[in-house]
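Working notes for the structure below.
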Amino acid sequence: QVQLVESGGGLVQAGGSLRLSCKAPGRTFSTYAMGWFRQAPGKEREFVGTISRSGGSTYYLESVMGRFTISRDNAKNTVYLQMNSLKPEDTAVYYCAASRIFPDVTTTYDYWGQGTQVTVSS
């Protein structure tokens, strides 16, 4: 069992930045590729991006490419989502998730965090 805990969400104005963190206590963090997803009100959960076990490879949703960056620190059991140039349409609950597969753009990840709210005002 892998427990994931997100943090860093909040309210930001359009054009601003936020960095989300997702920590996974335990010794198995580096054996999982990590993904970020988001779910806006009334919409299905959407893939945002994913990072490989080593952190050497990433893959993103086209609409966030160039604005969002995923990174990880395996020594700290933490994955990050740096979000720049935020837009109102980025407003959603953001989730991190762990997968044995990379890249995995589906929602069939093995473990999920509880989510953190990101609200972008216009």
Side-chain angles (χ1 to χ4, degrees):
Q1 187 77 10
V2 177
Q3 292 183 322
L4 304 176
V5 180
E6 300 102 334
S7 62
L11 174 64
V12 63
Q13 288 188 332
S17 298
L18 279 175
R19 188 178 80 157
L20 306 183
S21 299
C22 171
K23 191 171 179 64
R27 300 179 180 179
T28 63
F29 177 76
S30 62
T31 67
Y32 288 89
M34 298 298 296
W36 285 97
F37 292 77
R38 64 187 181 185
Q39 188 165 18
K43 295 187 177 181
E44 294 187 353
R45 192 167 296 187
E46 175 183 54
F47 168 82
V48 174
T50 182
I51 188 166
S52 62
R53 295 169 184 79
S54 68
S57 297
T58 53
Y59 186 82
Y60 297 96
L61 175 71
E62 186 173 350
S63 64
V64 307
M65 287 181 66
R67 299 190 299 124
F68 290 11
T69 301
I70 299 174
S71 60
R72 68 189 296 164
D73 185 340
N74 286 342
K76 295 182 178 180
N77 285 6
T78 303
V79 61
Y80 305 96
L81 178 64
Q82 177 68 44
M83 303 184 293
N84 299 328
S85 301
L86 282 162
K87 305 175 181 180
E89 52 263 44
D90 295 318
T91 295
V93 177
Y94 283 72
Y95 300 88
C96 69
S99 175
R100 295 289 190 182
I101 301 170
F102 177 83
D104 185 351
V105 304
T106 72
T107 56
T108 58
Y109 277 53
D110 299 297
Y111 303 102
W112 293 82
Q114 82 289 350
T116 185
Q117 177 70 47
V118 171
T119 303
V120 184
S121 63
S122 57

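Note that the structure is predicted; figures quoted are calculated from it, not measured. As a basis for the values below, the full set of heavy atoms in this structure was taken, side chains included, without hydrogen atoms, waters or symmetry mates.
Residues forming a side-chain hydrogen bond (donor to acceptor under 3.5 Å, both in side chains) with Thr31 (at least two apart in sequence, or on another chain): Arg100. Annotation: ring-ring contact (aromatic ring centres under 6.0 Å, His included) contacts of Phe37 (sequence neighbours excluded): Phe47, Tyr109, Trp112. Residues passing the side-chain contact (heavy atoms from CB on, under 4.5 Å) test with Val93, sequence neighbours excluded: Tyr95, Gln117. Remark: Asp90 pairs with Arg38, Arg67 by the salt bridge (charged side-chain N to carboxylate O under 4.0 Å, His left out) rule, at least two apart or across chains. For the side-chain contact (heavy atoms from CB on, under 4.5 Å) test, residues two or more places apart in sequence or in another chain that qualify with Thr106 are Asp104, Thr108. For Tyr80, there are no ring-ring contact (aromatic ring centres under 6.0 Å, His included) partners two or more places apart in sequence or in a different chain.
Under the 4.5 Å side-chain heavy-atom criterion for ILVMFWY residues, no single connected hydrophobic cluster contains both Phe102 and Tyr32. In the hydrophobic cluster analysis, where Ile, Leu, Val, Met, Phe, Trp and Tyr join through side-chain heavy atoms closer than 4.5 angstrom, Val5 is grouped apart from Val79. In terms of hydrophobic clustering, with Ile, Leu, Val, Met, Phe, Trp and Tyr side chains grouped at heavy-atom distances under 4.5 Å, Leu11 and Met83 are assigned to different clusters.
Between Leu18 and Gly8, the shortest heavy-atom distance links the atoms CD2-O, 3.8 Å. Residues Ala97 and Leu4 approach most closely at CA-CD1, 3.6 Å, considering heavy atoms. The two residues Val12 and Gly16 have their closest heavy-atom pair at CG2-CA, 3.8 Å. Ile70 approaches Thr50 most closely through the heavy-atom pair CD1-N, 3.3 Å. Considering all non-hydrogen atoms of both residues, Pro88 and Ser122 come closest at CG-CB, 3.8 Å.
Among residue pairs with one or both ends in residues 1-20, none qualify as ring pair (Phe, Tyr, Trp, His ring centres under 6.0 Å); sequence neighbours excluded. Sorted by first and then second residue, the disulfide bond (SG atoms under 2.5 Å apart) pairs with a member in residues 81-122 read Cys22-Cys96; sequence neighbours excluded. Identified under the salt bridge (Lys or Arg N to Asp or Glu O under 4.0 Å) test for residues 72-83, with sequence neighbours left out: none. Contacts classified as side chain to side chain donor-acceptor pair (under 3.5 Å) and involving residues 53-63 (residues at least two apart or in different chains) are not found. A disulfide bond (SG atoms under 2.5 Å apart) check over residues 40-87, counting only residues at least two apart or in different chains, returns nothing. Within the structure, side chain to side chain donor-acceptor pair (under 3.5 Å) contacts touching residues 10-22 (residues at least two apart or in different chains) are Ser17-Asn84.
For the pair Val2/Thr28, a side-chain contact is recorded, criterion being any heavy-atom separation below 4.5 Å from C-beta on.
Remark: the backbone N or O of Lys23 is not paired with any side-chain donor or acceptor of Asn77 at under 3.5 angstrom. Judged by distance alone, with hydrogens and angles left aside, the side-chain atoms of Glu6 form a donor-acceptor pair with the main-chain N or O of Gln114 at under 3.5 Å.
Considering OH of Tyr94 and CG of Leu81, their distance stands at 7.0 Å, rounded to 0.5 Å. Between the CD1 atom of Ile51 and the CH2 atom of Trp36 there is a distance of 11.0 Å, given to the nearest 0.5 Å. Expressed to the nearest 0.5 Å, how far CG of Leu20 lies from OG1 of Thr78 amounts to 12.5 Å. A distance of 9.5 Å separates CE in Met34 from CG in Asn74, rounded to the nearest 0.5 Å.
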